[in-house]
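The structure appears below as structure tokens.
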Amino acid sequence: PETAEMQGTIRTLSPERRAMVARELKRLAPAIAEAHGCTAEVTIDEGFPVTICDARAVAFGQAVVEETFGEEAWLTMDNPVMGAEDFSYVLEKVPGAMFWLGASEAGSDWRQCCGLHSNHMVLDEKVMARGAALHAALEAENKASLRGALLEQLERLRTCGRAEVSSLLPTLKLRLK
């Protein structure tokens with residue numbers, strides 16, 4: 001054929017590495033194509049930013065999970081996951097963390113289950129009550145012990161532009177008084 005098109009995703013663990021990969025793709029693809037008597041054009045759509053959890057928020061979440069459900073309920077991942085996540089936009093503005101609620105079928109080995117977006121996934125809906133309880137416990141502990149940190153973040157939100165604040169507040173479910 002006269003032309004070819006390639007598509008893919010760039011997933012990294014830091015914004016700096018992401019920028020480097022994009023820069024190198026734009027440099028290398030045309031050079032490789034030229035070495036074969038062709039031309040190449042690289043177009044990169046940024047997509048979701050890297051999801052970076054705040055260490056304090058992770059530690060807070062771990063403490064609440066272990067206090068609420070026991071130490072065996074917390075599992076620290078051996079390796080980071082490079083999924084594309086829209087929650088990363090929130091984490092760019094305020095410190096926070098994303099937690100996964102295990103919902104594999106009762107009695108199954110979650111390590112052997114299919115992927116989250118697979119049509120073979122079987123969701124144990126009984127775990128949803130546990131997820132709601134975790135959210136309630138996180139909020140209760142937040143109000144009880146981290147009021148100062150919350151006020152600090154509210155001050156940060158106040159310095160954001162009006163559009164940024166209106167887009168963040170519904171997601172964070174904060175009440176400004």
Side-chain angles (χ1 to χ4, degrees), residues 9-15 18 46-177:
T9 61
I10 298 173
R11 303 209 180 175
T12 64
L13 300 175
S14 73
R18 182 180 181 165
E46 287 295 318
F48 296 120
V50 177
T51 303
I52 301 174
C53 295
D54 178 73
R56 292 179 306 161
V58 172
F60 172 72
Q62 180 176 359
V64 172
V65 166
E66 290 178 351
E67 182 179 318
T68 306
F69 301 113
E71 287 184 24
E72 71 282 353
W74 180 265
L75 176 68
T76 299
M77 297 168 54
D78 292 332
N79 298 297
V81 174
M82 290 190 267
E85 178 56 51
D86 57 355
F87 186 59
S88 58
Y89 288 116
V90 174
L91 295 178
E92 282 187 325
K93 301 292 182 191
V94 294
M98 188 170 101
F99 301 105
W100 288 1
L101 179 64
S104 58
E105 191 173 25
S108 66
D109 180 357
W110 63 269
R111 292 171 294 252
Q112 301 301 317
C113 292
C114 56
L116 180 62
H117 299 288
S118 169
N119 63 336
H120 298 288
M121 180 183 176
V122 176
L123 180 72
D124 182 0
E125 292 185 6
K126 289 180 252 167
V127 82
M128 295 302 122
R130 193 172 168 116
L134 174 58
H135 281 280
L138 287 165
E139 179 59 20
E141 184 63 26
N142 183 50
K143 284 183 176 180
S145 65
L146 296 177
R147 184 163 175 74
L150 180 60
L151 292 173
E152 179 185 316
Q153 295 312 315
L154 285 173
E155 185 58 33
R156 231 177 125 184
L157 282 172
R158 286 189 187 107
T159 63
C160 290
R162 183 174 290 252
E164 291 175 302
V165 170
S166 65
S167 68
L168 286 173
L169 289 180
T171 304
L172 297 173
K173 295 183 175 86
L174 297 175
R175 289 188 181 94
L176 294 175
K177 292 185 179 185

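Atoms considered below: every heavy atom in the structure, side chains included; atoms not considered: hydrogens, waters and symmetry mates. Remember, it's a predicted structure, so these values are computed and weren't measured experimentally. Numbers here are sequence positions counted from 1.
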*Residues which pass ring-ring contact (aromatic ring centres under 6.0 Å, His included) with Phe48, listed by chain and number, not counting sequence neighbours*: Tyr89

*Write down the atom of Cys53, the atom of Met98, and the distance for their closest heavy-atom approach.*
SG-N, 3.4 Å

*Note, Phe99 side chain near Val65 side chain (heavy atom, < 4.5 Å)*: no

*Hey, is the main chain of His120 close enough, under 3.5 Å, to the side chain of Ser118 for a donor-acceptor pair?*
yes

*Euclidean distance, Met128 CE relative to Arg130 CZ, rounded to 0.5 Å*: 11.5 Å

*Side-chain donor or acceptor of Ser88 paired with backbone N/O of Glu85 under 3.5 Å*: yes

*Closest contact, heavy atoms only, Ala57 versus Gly96*: CB-C, 3.5 Å

*Sequence neighbours excluded, every pair satisfying side chain to side chain donor-acceptor pair (under 3.5 Å) that has a member inside residues 69-84*: Trp74-Thr76

*Listed by chain and number, what are the side chain to side chain contact (heavy atoms under 4.5 Å, CB included) partners of Ile52, not counting sequence neighbours?*
Pro15, Val50

*side chain to side chain contact (heavy atoms under 4.5 Å, CB included) partners of Leu13, counting only residues at least two apart*: Pro80, Met82

*Take Leu138 and Phe60 through the side-chain contact (heavy atoms from CB on, under 4.5 Å) test and state the conclusion after the steps.*
CA-CA 8 Å; Leu138 287 165; Phe60 172 72; 3.9 Å; yes

*asked:* Going by side chain to side chain donor-acceptor pair (under 3.5 Å), name the residues that satisfy it together with Glu66, two or more places apart in sequence or in a different chain.
replied: Gln62

*Quick one: list whatever passes side chain to side chain contact (heavy atoms under 4.5 Å, CB included) with Ala132, sequence neighbours left out.*
none

_So, taking the atom named OG1 in Thr51 and the one named CZ in Arg11, what distance separates them when rounded to the nearest 0.5 Å?_
9.5 Å

*Can you name the closest pair of heavy atoms from Ala103 and Leu123 and give their distance?*
CB-CD1, 3.1 Å

*For the atom pair CG (Leu101) and NE2 (His135), what is the distance rounded to the nearest 0.5 Å?*
7.5 Å

